[in-house]
Structures are given as C-alpha cells and as structure tokens.
Amino acid sequence: LDLKLNSKVADMKLADFGHKEMQLSEREVPGLMELIKKYGDTKPLKGLKIAGSLHMTIQTAMLIKTLHALGADLRWASCNIFSTQDHAAAAVVDAKLAKVFAWKGESLEEFWWCTEMALTWEDGSGPDLIVDDGGDATLLVHKGVAVEKDPSLLKKSYDNKEFQVVMDRLALSYEKNPKHWTEIAKKIRGVSEETTTGVARLYNMQKDGTLLFPAFNVNDCVTKSKFDNLYGCRESLADGIKRATDIMIAGKVAVICGYGDVGKGSAQSLRGFGARVLVTEIDPICALQAAMEGYEVVTMEEAAELGDIFVTATGNFHVITKDHMLKMKDEAIVCNIGHFDNEIEMIYLETTPECKRINIKPQVDKWMLPSGRSIIILAEGRLVNLGCATGHPSFVMSASFTNQVLAQLELAKENNLKNQVYILPKKLDEEVARLHLARLGVKLTTLTKEQADYLDVNPAGPYKSEHYRY
Ligand code: NAI
C-alpha cells in the first residue's frame, strides 16, 4: 500500500460534471439535506474516521457530502468493480469530501487494494466506523484478524478465485505487521450495512460468535428494503438492460429468479414494459405472493427454454446453472441484480474452453456455448443496474442513506453496544419517511387524540407494532 497516495480515481477532469450532477440531485435527497441542516453546526461525527465500501455513485457522493458535513474524516472505495461513476469519484476528491480509491472497471486485485486503501489512513491507523454494502470491508477486517490468529490460513490455496485474491492481500499485510488487522479491528466502533447479502453475512457472524464489533442492519429499515430494493430496482433494472442491449422488452418472456423485495420490483418493472413475466421461488410464501400477483411461477428447468431475458434476484448462488444456460434460446439475455456474480454459474463460462466470449462493448458479452447457441451476459454477472446503468435514482437512495447516517450517528455515540446486529428504532424509520413526503406533495393525515387512544398509539408515533410487516 502506498499510504501517501491521496486518492486514485479515473479522471479528475470529470470533477466538474460530477459537481453539476451532485448539485442537481440536491432536490432529490431531502433526507440527507435535512440531516446537513440539523447537524451541520454541531458536527456529531467530528474526530471520527469513516471508511466506506459502497458503490461510488452520485448518490453516494451525496451520502459522503452529508457525513463530511457532520464532521467525519472519510476514505471511500466502491463495493463493485463496475459500479463507480467516475465523475462522482472525481467530484468527491475535488471537493475534498473524502479520499477515494475507485474507478469503473477495476480488476479483482485492484478492487481489494482499493478496499484496503479505504480502511487504512495515512498513518497506518484504521477507521472508527465503517459504512459497508455487501460486507466486503467488514470481511477484509475479519479475515485479516483470522489470519493473524492462525497464519497457516495463508498457506492454503483456495478454489474461489476472489477469496484467493483476498488472502494474497492479507499475506502482504501480515508480512509487514502481524498485528495490523487486530489493531484495526480493536479500534472500530461499528459498521452500518446497506444490503440484504451483507446483513446475512453479519447475522452469520453473530450466530458463530465471530463478530468483532457492533453492527447496524440498515437494509431492514422499512424505509430501506421496502423502497430501495423494491422501487429502486423497479426503475434501475430496466435501465441497465436497455442501456446494455437496447432490447424491446414488450412481448418478451422475462424470468425473474427470486420474488423477495428486489424480485418484486424487478417483476413489476418488466411487466410494466409489457413482458410476460415468469417467476421462480423456493419459499412458498413468496411463490404464493407471485402467483397472487398473476405471475406464472415455474422452475428454472422449465423456464430455461422459455425466457428471452433472465434476471437473478436471490442473494443465493448458482441459481442459473450451466445446465440452464445450455438449454436457453439463442441470444437470451442473462443478468443478475443480486449482490454477487455467483448467482449465475459464471465460473462455468469462464473456465470451459468451449465457451467463447465475444465482447460487444464494456459490460456486455456474447458467450458462444457448446449447445451451438449463444447467450448475452450483462456486467459479467455482477449487478446489472449498477454495472450497465447508474443504479437507483437519488430520491430512493436518499431514504436508504438517511438511515445509513442515522446508524452512523448511533454508533458514534458512546453507548456500550455489544458485538451484535442492531436495527434502528421504528420511530427513526418513520422519521426518514416523513422527511421524504414534502418533495412528493404528500398530505399526511394527523391522528386525533381520540383516534390515537382508540388505537393505543402515541399521536406522534410509532404507529405500528414491531411485528407489523408493511
Ligand atoms: P430477499 O431475501 O427479500 O429475496 C430473495 C428471494 O430469493 C427470497 O424470497 C428467496 O426465497 C429467493 N430465493 C433464494 N434462493 C432461490 C432460488 N434458488 N431460486 C429462486 N428463488 C430463490 O432479498 P432482497 O432484498 O430481494 O435482495 C436480493 C439480492 O439483491 C441480495 O443479494 C441483495 O443484497 C441484492 N440487492 C441488490 C440491489 C441492487 O440495486 N442491485 C438493491 C438491493 C438489494
């Protein structure tokens, strides 16, 4: 690591464009602007170092601007090799809001270098707080500590290519300082995690007793997963598919794998364009929901031959397999909107000599298969909305990121949190929603005292019980 390196982005000449887009987004991020107004003077994050690993987009630039306005000292990396918007990264560096290590089209080695750079300040010290998306920054710290406890982990070789890259990086830091990550972990007050996949990793660590610091599950704020995952994907999925392929969606058969929040938004989006949407599910509740919405629920074995467009939205792995790909129609479009590329068995394509890759343009590849047919893979199987388009619009990210900032503020308070996963109180969730009403001209009805008594709720909220599901 070159700790003297200030930042590494693609092109600082893009900063001006980035500034203009950040300015344009201000009206669309009312939650964040309100936080700047509320806490800009008192700066509750003053003196705290925050490392971020989250798609370096214009929306994230506004999150960084907010955390900076609240006093934080920030370093940032993207959480996906394709998701950086280079003008956003340049603008953040130019405005000195954060040190940024991110550009569109990183290699895996560069990606993990960037993650480590975001976690390591000029003097070699680490962050007080982490903002994570998918859990990669948290993973690097935890694996680093695991290696320092048991250096024999470095001698093994790992089948998983990306995991091997992580271990190679950790070998370098272990050589320099065999206590580096242990010291970094000790200082961390906590992490706030953005997405379903990262949250699942945190709960796994909590279950195993290996979680090294407190964590906030931001994803399961209602104003995050029931908005960003659902309405965000409802807009950004089709954007990604269209920018990549220009395909007419109307009349096509689209197959959505997984009918959780992301799947629901994705299915509704493609149906909205006029596609006939098929859904696959493993959970009877979600399968029934899909059926009740009028989608045909099938298995991938059936759907493989029928689909023109396939979208995985499960957070699971190998949901579209080699066998499915071999059955597909010629030039079927295959993409993933879940967090990691292994939802599609990319390893089959990448390691089978008979599978030939023809690059059409960045993030669009035609793969010739032994079936004699071809399929079009978007963003190399990584999340299509951020790889092939610009991710979710600012307004929905404002709700997500307002929750992120509130979680960071909770972690910043000295309040004896344990090494477990926390959720923000419902009152704050309602507050995040409230901050986004005026922009949409929503007129909220106020409960009368009598009505509040009748429902047995406080007229100022929270309005629902903890078990309410929205
Ligand atoms: P979720 O848990 O609500 O939904 C996933 C669904 O997939 C579940 O209903 C599950 O039963 C189903 N599933 C699991 N294995 C399956 C299989 N083999 N076949 C068919 N269905 C299967 O999760 P959510 O919030 O919808 O997130 C899904 C993924 O999308 C996660 O990886 C998450 O991190 C990611 N995500 C991506 C976003 C983006 O902008 N691209 C935004 C938000 C989340």
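We count ligands from 1, going down the list as the structure has it; atoms in each ligand are counted the same way.
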Thr138 and Asp132 side chains, donor-acceptor separation under 3.5 Å
yes
Flag Glu343 as yes when one of its N or O atoms lies below 3.5 Å from any N or O atom of ligand 1, and as no otherwise.
no
Nearest protein heavy atom with distance in Å, relative to atom 9 (O) of ligand 1
Glu281 OE2, 2.6 Å
With a cut-off of 4.0 Å, which atoms of ligand 1 are near a heavy atom of Leu383?
41 (N)
Checking Lys143 against Trp181: charged group under 6.0 Å from the ring centre and within 45 degrees of the axis?
no
Are side-chain N/O atoms of Ser78 and Ser83 paired as donor and acceptor at under 3.5 Å?
yes
Among all the protein's non-hydrogen atoms, which is closest to atom 16 (C) of ligand 1, and how far away is it?
Ile282 CG1, 3.6 Å
Which residue supplies the protein heavy atom nearest to atom 40 (O) of ligand 1, what is that atom called, and how far is it?
Asn385 ND2, 2.8 Å
Going by distance only, is there an N or O of Gly263 that falls short of 3.5 Å from an N or O of ligand 1?
no
Need the ligand 1 atom indices (1-based, order shown) with element for anything under 4.0 Å from a heavy-atom of Asp283.
11 (O)
Closer than 4.0 Å to some heavy atom of His339 - which atoms of ligand 1 meet that?
32 (O), 34 (O), 35 (C)
Nearest heavy atom to atom 20 (C) of ligand 1, choosing from Thr280, Thr197, Thr312, belongs to Thr280
heavy-atom search around atom 30 (O) of ligand 1 in the protein gives Gly338 CA, 3.3 Å
Taking every non-hydrogen atom, the tightest pair across Pro393 and Glu235
CG-OE1, 3.8 Å
Decide whether Ser398 and His436 meet the rule of one side-chain donor and one side-chain acceptor closer than 3.5 Å.
yes
Counting non-hydrogen protein atoms only, what is the nearest one to atom 41 (N) of ligand 1? Give residue, atom name and distance.
Ile337 O, 2.8 Å
At under 4.0 Å between heavy atoms, what of Thr314 touches ligand 1? The answer is both
Determine, step by step, whether Arg276 and Leu278 satisfy the side chain to side chain contact (heavy atoms under 4.5 Å, CB included) criterion, reporting the C-alpha distance in whole Å, the side-chain angles of both residues, the deciding distance to 0.1 Å, and the verdict.
CA-CA 7 Å; Arg276 182 155 69 87; Leu278 311 181; 4.2 Å; yes
Within a distance under 4.0 Å of any heavy atom of Gly315, pick out the atoms of ligand 1 and give their elements.
29 (C), 31 (C), 32 (O)
Less than 4.0 angstrom from a charged side-chain N to a carboxylate O is my criterion; do Glu430 and Lys427 meet it?
no
Determine, using heavy atoms of Gly232 and all atoms of ligand 1, whether some pair is separated by less than 4.0 Å.
no
In the protein, what heavy atom is nearest to atom 42 (C) of ligand 1, and what distance, to one decimal place, separates them?
Asp228 OD1, 3.7 Å
Do Ser225 and Asn219 have a side chain donor and acceptor closer than 3.5 Å?
no
Look at Arg357 together with Glu380 and state whether they make a salt bridge at an N to O cut-off of under 4.0 Å.
yes
Distance only, no hydrogens: is a donor on one side chain within 3.5 Å (strictly under) of an acceptor on the other, for Thr321 and Glu345?
no
Taking atom 25 (O) of ligand 1 as the reference point, the nearest protein heavy atom with its distance:
Thr196 OG1, 2.7 Å
With the threshold set at 4.0 Å, does a side-chain nitrogen-carboxylate oxygen contact exist between Lys224 and Asp220?
no
Could you tell me whether Lys224 and ligand 1 have an N or O pair separated by under 3.5 Å?
no
Do ligand 1 and Asp261 have nitrogen or oxygen atoms that lie under 3.5 Å from each other?
yes
Salt-bridge test for Lys65 and Glu26: reply yes if a basic N is under 4.0 Å from a carboxylate O, no otherwise.
yes
Test your reading of the structure: does Val262 have an N or O sitting under 3.5 Å from an N or O of ligand 1?
yes
Is the closest N or O pair between Thr195 and ligand 1 shorter than 3.5 Å?
yes
Any luck finding a side-chain donor-acceptor pair between Ser266 and Ser269 under 3.5 Å?
no
Starting from atom 4 (O) of ligand 1, which protein heavy atom do you reach first, and at what distance in Å?
Gly260 CA, 3.2 Å
So, does Ala313 sit close enough to ligand 1 that a heavy atom of it is under 4.0 Å from the ligand?
yes
Below 4.0 Å, non-hydrogen atoms only: which portion of His392 touches ligand 1? Side chain, backbone, both or neither.
side chain
Arg201 with Asp136: basic N within carboxylate O range, under 4.0 Å:
yes
